[in-house]
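Below you'll find the structure, written out as structure tokens, and then a few comments.
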Amino acid sequence: MEALHLTILFLLSLTVVHSLNPNCGLPSQGSTLRVYHVSSPCSPFRPKTTLSWEESVLQMQADDKTRLIYLTSLVAGRSFVPIGSGRQIIQSPTYIVKANFGTPAQSLLMALDTSTDMALVPCAGCVGCSSSTFDSTKSVSFSSLACGADQCKQVQSSSCPGTTCSVNMTYGSSSIAANLAQDNLTLATDSVVGYSFSCIQNVVGGSFPPQGVLGLGRGPLSFVSQSKSLYSATFSYCLPSFKSSNFSGTLRLGLNGQPKNIKYTPLLVNPRRTSLYYVNLIGIRVGSKVVNIPPSALAFNPNTGGGTIIDSGTVFTRLVDAAYTAVRDEFRRRMGKAIVSSLGGFDTCYTVPIGKQVPTMTFMFPGLNMSLPQDNFLIHSSSGSTTCLAMSASPALNVIANMNQQNHRVLFDIPNSRLGVSREICS
């Protein structure tokens, strides 16, 4: 099966780029599908008002905090399975993809997320949803899932007030009611027949996001699992830098086109949350020094959910307190006498030029080292007057976020339970 190449428009802009004039109507061709950042000029979900650099950083920090609370609840086993994985994950989607549901096809913009399984789709007639909905009455291939369906049995929060499998869940301050359904899903030219998803019927409260979510987790109801016959449960992506003038990268689905010369580390399985991509982070090097981090701060613990996941939707990396403090203190030591300030959740910022003083940083895994250029762990203001170490503390879970992954090919080889990482400039 030829790999599906998805062209990514990554517009995680901390400054306003006025010169962009993208062709938002450019259609998909062959096996190429365009993907947009949620804030790009092509996205109907972009911010209505222009934010300053500081406001943008603070907003992303707030979204990341919400996401971290959600991820922590997942690993602790306190949320619904698996439909609940879409509850708060899409409050901060990093990428949206144009997907076609139904027959004839209806185009929807959906958030791609490696920590989500089942698709969450706002449907026509939904009370409290946005205007971006899927109208199941116009699709001849749509069908509701009955209470006895296997998919219904896989959702802990399901109920059967009638003949259709229903789901009730919470999302922030909102309560959501959905029905489980099936229809054909087409990405570019490849179709998944009878794709199972959650069709949102009712939202009470104001925190439900306008777009749906397409999960790339490894649970049984994710896109990866449901398209296994097409793509062999294998995909990779390269995320471009937010500073790139091209704003393009690729998401590849399937075995073909994947890199041959790439180093791997094992994927770990948390029995509480088998869909999350756990890896064994064994150390962090700042400059030439391997930081002295207590082993318990990095250890994988399937009983508590502790350990490290790699996640496409979190912007800034989080480390548990002991690990973050050790890394931060070594970074500050390497920076010498430069005066430290703070910005929101970032407690290591500098308002003087620091380029020559910045040490390298490397995440260490069994089988590979992920060396990070400055742009993968420092965030700069548009004027260059402020620079912050773009990571912060987490109460219980280490999260390797998308900023660290930029300009790397990250390959998820689920059949062989391994994660590949190699440097690739895709900006």
Side-chain angles (χ1 to χ4, degrees), residues 38 43-45 80-91 93 96-113 116-187 191-217 219 221-223 226-227:
V38 71
S43 169
F45 310 118
F80 301 128
V81 181
I83 191 66
S85 61
R87 294 188 305 172
Q88 297 187 32
I89 217 76
I90 52 176
Q91 284 188 1
I96 54 176
V97 62
K98 183 179 179 181
N100 295 312
F101 268 85
T103 308
Q106 300 175 44
S107 294
L108 300 173
L109 293 176
M110 307 186 74
L112 295 178
D113 203 299
T116 299
D117 282 341
M118 198 171 191
L120 192 65
V121 180
C123 287
C126 172
V127 178
C129 290
S130 72
S131 58
S132 301
T133 59
F134 168 65
D135 190 346
S136 61
T137 65
K138 295 181 179 179
S139 174
V140 298
S141 51
F142 175 86
S143 63
S144 297
L145 286 172
C147 293
D150 291 339
Q151 296 91 330
C152 187
K153 298 174 183 178
Q154 293 173 330
V155 182
Q156 290 183 357
S157 57
S158 63
S159 61
C160 285
T163 59
T164 300
C165 184
S166 300
V167 177
N168 291 289
M169 51 195 273
T170 58
Y171 179 90
S173 60
S174 298
S175 297
I176 298 173
N179 293 330
L180 299 189
Q182 284 186 328
D183 210 331
N184 298 337
L185 168 63
T186 302
L187 296 180
S191 294
V192 181
V193 177
Y195 186 82
S196 300
F197 63 97
S198 177
C199 187
I200 306 301
Q201 303 297 315
N202 184 275
V203 177
V204 178
S207 60
F208 181 70
Q211 68 274 35
V213 63
L214 186 65
L216 291 177
L221 296 178
S222 72
F223 175 80
Q226 293 194 57
S227 65

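The shown structure was predicted, so the numbers you read here are calculated from the model rather than taken from an experiment.
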Shortest non-hydrogen contact from I200 toward P122 | CB-CA, 3.9 Å

Measure the distance from the SG of C152 to the SG of C165 and say whether it is below 2.5 Å.
-> yes

May I ask you to check whether D183 and S139 show a side-chain donor-acceptor distance below 3.5 Å?
-> yes

Can you find a heavy atom in the side chain of K98 that is under 4.5 Å from one in the side chain of L109?
-> yes

Where V121 and L108 come nearest, the two heavy atoms and their spacing = CG1-CD1, 3.7 Å

Kindly compute the distance separating CG (D113) from CG (L120), expressed to the nearest 0.5 Å.
-> 11.5 Å

C126/C129 sulfur atoms closer than 2.5 Å | yes

Tightest non-hydrogen contact, residues A181 and L145, listed as O-CD1, 3.8 Å

Distance (rounded to the nearest 0.5 Å) between N100 CG and N184 CG = 11.0 Å

Separation between OG1 (T186) and OH (Y195), nearest 0.5 Å, reads 12.0 Å

Do the ring planes of F134 and F101 sit parallel (below 30°), tilted (30 to 60°) or perpendicular (above 60°)?
-> tilted

From S198 OG over to N179 CG, what is the distance, rounded to the nearest 0.5 angstrom?
-> 8.0 Å

Side chains of Q154 and M118: does their closest heavy-atom pair fall under 4.5 Å?
-> no

Roughly how far apart are L185 CG and M110 CE, rounded to 0.5 Å?
-> 7.5 Å

Can you tell me how far the CZ atom of F197 sits from the CZ atom of F223, to the nearest 0.5 Å?
-> 14.5 Å

